[in-house]
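As C-alpha cells, the structure follows; a few thoughts come after it.
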Amino acid sequence: MPELPEVQTVVNYLQPSISRENIQSLESPNRYYAVLENGSPLDYNNFLIGKKIKSVSRRGKYIILNLNSGYLLIHLRMTGKVLLEKPDPENMKYVSFQLNFSDDSSLFFHDVRKFGRIYMSKKLDWLENKLGVEPLSNEFTPNWLYKHLKYHKRMIKPLLLDQKFIAGLGNIYIDESLWESCIHPRTQSNNISQNRSNQLSCSIINILRKAISYNGTTIINYSYGINNSGNFSDKLHVFGKTNFPCPRCNTLIVKNFVAQRGTHFCKKCQKY
DNA sequence: ACGAATGTTGCGGG
DNA sequence: ACCCGCAACATTCG
C-alpha cells in the first residue's frame with residue numbers, strides 16, 4: 001500500500017526496463033473494466049494503440065508513463081502492483097489491466113483489492129490542480145511549510161494526509177515524521193511553532209529520502225516487480241510499534257484513531 | 001467463526 | 001473550511 005517512496009521505487013524499477021516499442025493492444029484479463037478511470041475500453045484503445053512510452057516519472061502517488069503524445073497514469077491505491085513479467089496463472093485473476101508491446105513484452109497491473117486506477121490524458125493540468133507541493137522539490141522549504149501551516153486550522157495529521165496540501169505522504173511516513181519532530185498528530189496546524197515546523201519539514205524530507213534509498217517499506221503486501229520487497233520497515237520508529245518502547249524515551253507507543261486512520265505515537269514525546 | 005482492520009481516495013452531510 | 005462516516009474490495013488476524 002504505497003506512498004511516495006514506494007511509488008518512486010516502482011518508477012525506478014520501470015524506467016530502465018519498460019518497453020519503448022509501440023503499444024500493440026490492451027486487455028483486462030479479469031475483465032474489471034472499472035480500472036479504466038476516465039473512458040471506455042474503446043476510448044483507451046483509440047488513445048493508446050500505436051503510441052510509445054518515452055519515460056516514466058512520478059507526481060505525488062501517481063506513476064506517469066510519458067508517451068510520445070499524452071500520458072498514461074497509474075495509481076496503485078492500496079494493493080496495486082506494476083509487473084513486467086507475467087504473473088503465475090493463479091495470480092492472473094488479479095490482473096485488471098495489461099498492455100502489450102510490439103516487441104512481445106507486456107506490462108501487467110495486478111491489484112487484489114481493485115482500488116487502483118489507470119488514467120489517460122493529453123495533458124497533466126488536472127493533476128497539477130488536484131495535487132499540492134512535491135515534498136522532495138525545492139519548493140518545499142521550512143518557510144513554505146510554516147507559512148502554510150499557519151494558513152490552515154486543521155489537525156496536523158489529516159492536513160498532511162491531504163494530497164492537495166503536500167503530495168505523496170501517507171499514513172506510515174506521517175506517523176514517522178510527526179514522531180521525529182515531536183508533534184502530536186492532533187495538534188492544530190496553526191498552533192505549531194516555527195521551530196517545530198522547521199523540524200517537521202526536515203523530518204519529512206529526510207525520512208522520504210531514506211525510505212527511497214531502501215526501496216520503500218514492505219509490511220504486508222507491497223512489493224515492486226514480481227517479488228522485491230523494500231527494506232525500510234526495519235527503520236520504522238513508531239508505525240506498527242504499538243506497545244513497543246519509544247526509541248527516544250522508552251514510553252510505550254500507543255495507537256489511536258485520528259481522521260479514521262490508525263495513528264501511532266509517543267504520548268510523552270508528542271505532547272498535545 | 002466472524003467482525004475488524006489494512007499503508008488510499010472521494011463523496012455527501014452537518 | 002473542516003470533520004466525520006462510509007464506500008469501493010479482498011484477505012488476514014484475533
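Each chain gets a letter, A, B and so on, in the order the sequences are listed, and its residues count up from 1.
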Exercise. In terms of side-chain geometry, is the basic nitrogen of Glu134(A) or Arg58(A) positioned less than 4.0 Å from the acidic oxygen of its partner?
Worked result: yes
Problem set entry | Salt-bridge present (Arg77(A), Asp111(A); N to O < 4.0 Å) | no
For this session: Would you state whether a donor and an acceptor, one from the side chain of Arg113(A) and one from the base of dT6(B), lie under 3.5 Å apart?
Result: yes
For this session: Check whether the side chain of Gln260(A) and the base of dG5(C) form a donor-acceptor pair under 3.5 Å.
Result: yes
How many whole angstroms separate atom [atom1] of [X] from atom [atom2] of [N]?
| X | N | atom1 | atom2 | result |
| --- | --- | --- | --- | --- |
| Asp111(A) | dT9(B) | CG | P | 13 Å |
| Leu159(A) | dT9(B) | CG | P | 14 Å |
| Glu176(A) | dG7(B) | CD | C1' | 12 Å |
| Met78(A) | dA5(B) | CE | P | 13 Å |
| His110(A) | dC9(C) | NE2 | P | 17 Å |
| Tyr214(A) | dG7(B) | OH | P | 23 Å |

Exercise. Using purine N1 to pyrimidine N3 plus N6-O4 or O6-N4 for Watson-Crick, or N1-O2 and O6-N3 for G-U wobble, both under 3.5 Å, which nucleotide pairs with dC9(C)?
Worked result: none
Problem set entry | Base-pairing mate for dG7(B) - Watson-Crick or G-U, with both contacts under 3.5 Å |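 No nucleotide pairs with dG7(B).
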Looking across every strand, which nucleic acid part, if any, lies under 4.0 Å from [X] by heavy atom: base, sugar-phosphate, or nothing?
| X | value |
| --- | --- |
| Phe239(A) | sugar-phosphate |
| Lys255(A) | sugar-phosphate |
| Lys130(A) | sugar-phosphate |
| Arg117(A) | nothing |
| Phe257(A) | sugar-phosphate |
| Arg154(A) | sugar-phosphate |

For this session: May I ask you to verify if any side-chain N or O of Lys61(A) is less than 4.0 angstrom from the OP1 or OP2 atom of dT9(B)?
Result: yes
Exercise. Between Tyr13(A) and Gln8(A), do the side chains contain an N or O donor and an N or O acceptor separated by less than 3.5 Å?
Worked result: no
Problem set entry | Residue pair Ser203(A) / Glu180(A), side-chain donor-acceptor N/O under 3.5 Å |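 Judged by distance alone, the side chains do pair up.
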For this session: Measure the acute angle between the ring planes of Tyr62(A) and His75(A), then classify it against the limits of 30° and 60° as parallel, tilted or perpendicular.
Result: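 Perpendicular, since the angle between the ring planes exceeds 60°.
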Exercise. Using atom P of each nucleotide, how far apart are dA7(C) and dG3(B) to the nearest Å?
Worked result: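 Their P atoms lie roughly 15 Å apart.
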